[in-house]
Participant: 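Below are the structure tokens for one structure; questions will follow.
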Amino acid sequence: MNMNLSPVFIQRFHNRIERVLHIKGNFTGPVLEMTVIVDHSLPAGSVQEGVPALLRCLKQHSEVFRNVRLNITDWSGDGKIQNSVVPMMTVLVSGFFEAYEQICCEKKTEVLYQYLKLYHARSKLILLVTDGCHHTEDEKAAQEALKPFLGKKLVQILVRENGMELG
């Protein structure tokens with residue numbers, strides 16, 4: 001799969017990232033903490049090319065992304081969400097996602113949002129890389145988990161056969 005990012009996507013992506021980072025009270029420090037959630041329902045090729053392409057795009061966009069505390073969160077299912085903290089360069093230059101496995105199963109967004117609210121509240125930017133094939137069973141629980149800050153920090157990136165788009 002060729003994951004070339006279109007100029008229109010890149011511009012919209014940069015604009016969305018800037019809005020998130022400049023929300024009142026969000027990012028002020030020297031080191032940005034961010035989280036990238038990888039939905040394991042995506043094909044391996046999409047993840048192996050897409051996530052590094054997004055991170056490269058961020059590094060080229062701003063000095064803010066030079067020194068980042070990066071959390072990679074693997075979303076394999078409702079009961080299987082795992083986090084690892086890695087240097088951004090590791091994801092960019094090595095085969096970080098070589099052991100990635102595609103796992104297709106039913107997933108609820110409210111479970112992910114509750115996990116993020118508990119464990120990633122410090123992240124100033126959260127990217128959800130997904131195919132969008134998850135569902136919300138309890139809308140009230142999902143909205144509650146997005147409050148007060150998570151909903152403002154979360155940027156959903158939908159991976160399609162013809163490229164990426166913002167959700």
Participant: Do any N or O atoms from the side chain of H61 and from the backbone of C57 form a donor-acceptor pair under 3.5 angstrom?
Facilitator: no
Participant: Any salt bridge (charged side-chain N to carboxylate O under 4.0 Å, His left out) pairs touching residues 60-71, not counting sequence neighbours?
Facilitator: E33-R69, E63-R66
Participant: Would you check if E106 and H135 make a side-chain contact, meaning some heavy-atom pair closer than 4.5 Å?
Facilitator: yes
Participant: Is the Y119 ring parallel, tilted or perpendicular to the Y115 ring (thresholds 30°, 60°)?
Facilitator: tilted
Participant: Can you give me the closest heavy-atom contact between L70 and M88, atom names plus distance?
Facilitator: CD2-CA, 3.8 Å
Participant: Charged N to carboxylate O below 4.0 Å: is that the case for D78 and K107?
Facilitator: no
Participant: Within the side chain of T136, is there an N or O that forms a donor-acceptor pair under 3.5 Å with the backbone of D138?
Facilitator: no
Participant: Counting distance only, does the side-chain N/O of K153 pair as donor-acceptor with the main-chain N or O of A121 below 3.5 Å?
Facilitator: yes
Participant: Could you note down all residue pairs passing salt bridge (charged side-chain N to carboxylate O under 4.0 Å, His left out) where residues 79-97 supplies at least one of them, sequence neighbours left out?
Facilitator: none
Participant: With distance as the sole criterion, is a donor-acceptor pair present between the side chains of E110 and Q114 under 3.5 Å?
Facilitator: no
Participant: Is the backbone N or O of G132 less than 3.5 Å from a side-chain atom of T130, with the two atoms forming a donor-acceptor pair by type?
Facilitator: yes
Participant: Could you check if a side-chain atom of L5 sits within less than 4.5 angstrom of a side-chain atom of M164, using non-hydrogen atoms only?
Facilitator: yes
